[in-house]
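Below, read A as the first sequence line, B as the second, and so on, with proteins coming before strands; counting in each chain starts at 1.
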There are 2 protein chains.
Amino acid sequence: MALSERKKKILAAVVDEYIKTAEPVSSKAIAETGSLGCSSATIRNELAELVALGYLEQPHTSAGRVPTPAGYRLYVNELMQRQKLSVEESEELNRKLNERLAVMDTAISDIGKLASQLTNYPALALTSNASVTVRRFDLIYVDANTFIIVALLSNNDVKNKYVHLPVSADRSLVQKLSTLFNASFTGITEDKITSALISATERAADDTIGLTAVIAAFCIETLSEVNSVTAYVTGENRLLSQPEFRDPDKAHKLMSYLSNGGYVFPETGAMQDVEEVRVLIGPENVAEELKDSSVIVASYDAGDNTKGLIGIVGPTRMDYSAIATKLGMLAAGLSKRLGGGEAPPEGMHNKLIIKGDDRS
Amino acid sequence: MALSERKKKILAAVVDEYIKTAEPVSSKAIAETGSLGCSSATIRNELAELVALGYLEQPHTSAGRVPTPAGYRLYVNELMQRQKLSVEESEELNRKLNERLAVMDTAISDIGKLASQLTNYPALALTSNASVTVRRFDLIYVDANTFIIVALLSNNDVKNKYVHLPVSADRSLVQKLSTLFNASFTGITEDKITSALISATERAADDTIGLTAVIAAFCIETLSEVNSVTAYVTGENRLLSQPEFRDPDKAHKLMSYLSNGGYVFPETGAMQDVEEVRVLIGPENVAEELKDSSVIVASYDAGDNTKGLIGIVGPTRMDYSAIATKLGMLAAGLSKRLGGGEAPPEGMHNKLIIKGDDRS
DNA sequence: TGTTAGCACTCTCTTCTTTCGAGTGCTAAT
DNA sequence: ATTAGCACTCGAAAGAAGAGAGTGCTAACA
């Protein structure tokens, strides 16, 4: 099973070349790179063996070789040259990230956009907040019929709602409810907000106009929204620039799958450790629609128990190395900016861990 | 210039048929519909004249006829059968709208999604708020270093910002600033917020820690964000199901144009009267990228000086009638729901006005 | 004068054949 | 073990032929 050093070199050359050209790679082309000191005939023999081992395949007898998913897997796991960005390049990229992030919001959809621009592939972004609660309520009295509910969440997010009631409420009720909600609705997760709690609060506040219910509903809605995982997809159209999606039907299928979003990432399992980049190649994806695409995902830590994923989807033929590096840096940059601040920026490319389901 | 009744019928038949099949329409096909009591030879003569007049064209000598943009224009302006939805159908559609709108947020991006689903074309949605101002400020004191700024806008939107300062501020400063901002920053548009005003406020509040600047910046940012026109594009991938976009390059060009959004609608001029549906056919569009696509736009009134546009983009061959009707109903439904409430829902399809740059 | 049948003509689309060449696999020599 | 040489394979591109859809025109007809 252990491939000879030369076989590995040849496999790597095939993958590198195929990534660049999207055309089956010939023995001659490899020989001409000059990195192996042998002729095309020798390489042909090796190539035949690599086909037998399942790392390469031939579209037809008289064509060059193309990597199989297994070939890509091996490449990603062992062969690919980690992008050793020079200090300048690394700084350059970091600077760009800073620029971009300064201009853009760090809203999750913008992060996706950034990833898509950076890689030129469709990108997905999502965050998962582990059990956010309300930390504090404020009720702003605008007029007798109108209030603003303000909730400060445990992740420092602030949500509000403008409420206009058909009947008027007096200030004392608002005051009472404010106290009661801060006493019993803070620090509890969504599932703890029972109808019993709500009606108890309503009675305690002597609320006859239903304001309690409105606030409680807002609370539930806000928490469930914040805690739910939604994926944002951007740049689907970039798929069309890839030669493997010149067939409109294929492109359409994948694009509409992506547009309905969110089903891509769950496959990568629960949110992963930060600074780990996961690669799923072709059939390693669970979803039928992704069986001949690859997914690269990086996770970041947005602090306060919130983790996020960013990733891209493309054909199996993609520059795994470059993209994994870029996503890794992006994720690290985000962790640094948003998270507890423990993630170091300099030289982070050395720490890049690339994982995946290895089937060998 | 005035076309004979029969020519009009024939033109309409060609457009109707071409919309359905996407194939050049033959004289025989028209004769066989039976709606005209004449033979294919007669129709051939008429078709030749319609070509001479510029309403139709032939891909090549021995092919059927295809409508030109001028032909579509005439069709849209005079010939097309307005969708006379039966009462049941109308109610059905209204019911669906209600359902959908109940589930979805009325957030502008969701409205676009709805339009796209309804028509199966890429949709754009945007709103323009005419000069929103802040109506009221509240500063919520969380702790000495932490505040929440809450701004109630003139369109009843509420915006907030969580502020964490490196230095602490005492309650009296917060109190003073609250009063000052409510006195001099409310009811004014973004451009009235000058640095002179800000520094005057800073001095009046005796603010040495820069809190004034933070609040003012939030104010400017919020207003400019709310007042700016942003377009949301959804369903770009639906383009790929249209036969005219089987060429990936063409599709890609248009899709990336759309993804960069926002440039489509301004062409239709300023926001239009509500309940007017505008149709722009092929070269009538200003943008080069849209020269062989058509755009249909409807506007709605979201109340409080806020108007919105929803529209779709597709090939020039599209079912103008059905789509204009649907978008019109959607816009009317939104006006009713969001706006002053003056827009009636029943029988509204009779009021549908279809406009465009008539070049005849 | 408007309409229609008939027919030759045109042009695309499909299918079939041929050619070309890139790339392989094998063999024999080193 | 490596390599030069060469016959072989197969797809892609180019050409040729046939089919058919649809037209334009002409001449007859109401």
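Contact check for B/Ile30 versus B/Leu47: side-chain heavy atoms found under the 4.5 Å cut-off. Between A/Asp319 and A/Ser321 the shortest side-chain heavy-atom distance falls below 4.5 Å.
Contact check, A/Ser39 against D/dT3: a side-chain N or O comes under 4.0 Å of OP1 or OP2. The shortest distance between the side-chain N/O atoms of B/Arg44 and the OP1/OP2 oxygens of C/dG6 is not below 4.0 Å. Considering only side-chain N and O atoms, B/Gln58 lies nowhere under 4.0 angstrom from the phosphate OP1 or OP2 of D/dA21. When the side-chain nitrogen and oxygen atoms of A/Thr42 are compared with OP1 and OP2 of D/dT3, one or more of them lie within a distance under 4.0 Å. Applying the 4.0 Å criterion to OP1 and OP2 of C/dC11, one finds that B/Thr61 has a side-chain N or O inside that range.
Counting non-hydrogen atoms of neighbouring residues, nucleotides and ligands closer than 6.0 angstrom, the NZ atom of A/Lys7 exceeds 12 such neighbours. When the shell of 6.0 Å around NZ of B/Lys291 is examined, it contains more than 12 heavy atoms from other residues, nucleotides or ligands.
Residue A/Glu49 contributes atom CD, which lies 11 Å from atom P of C/dG25 at whole-angstrom precision. Between the C1' atom of D/dC25 and the CD1 atom of B/Ile43 lies a distance of 18 Å, rounded to the nearest Å. The distance between atom CG of A/Leu47 and atom P of C/dG25, rounded to the nearest whole Å, is 8 Å. Put simply, NZ on B/Lys28 is 15 Å from C1' on C/dA5, counting in whole angstrom units. Taking atom CZ of A/Arg65 as the reference point, atom C1' of C/dT24 lies 7 Å away to the nearest angstrom. Atom-to-atom, NZ of A/Lys7 to C1' of D/dT2 comes out at 14 Å; the value is rounded to the nearest Å. Atom CD in B/Glu32 sits about 15 Å away from atom P in C/dT4, given to the nearest Å. Between B/Leu56 atom CG and D/dG24 atom P there is a gap of 11 Å when expressed in whole angstrom units.
Each of A/Asn45 and B/Glu46 was assigned the nucleotide of DNA chain C with the nearest heavy atom; the assignment lying further toward the 5' end belongs to B/Glu46.
Within 3.5 Å, no donor on the side chain of B/Ser62 pairs with an acceptor on the base of D/dT23, nor the reverse.
As judged by a 4.0 angstrom heavy-atom cut-off over every strand, B/Ser40 is placed among residues making no nucleic acid contact.
Checked against C/dT4, C/dT24, C/dT3, the side chain of A/Ser26 finds its nearest nucleotide in C/dT24. For B/His60, the side-chain atoms get nearest to C/dT12 when compared with the rest of D/dT23, C/dT12, C/dT24.
Salt bridge status for B/Asp292 with B/Arg317: absent, with no side-chain N to carboxylate O gap under 4.0 Å.
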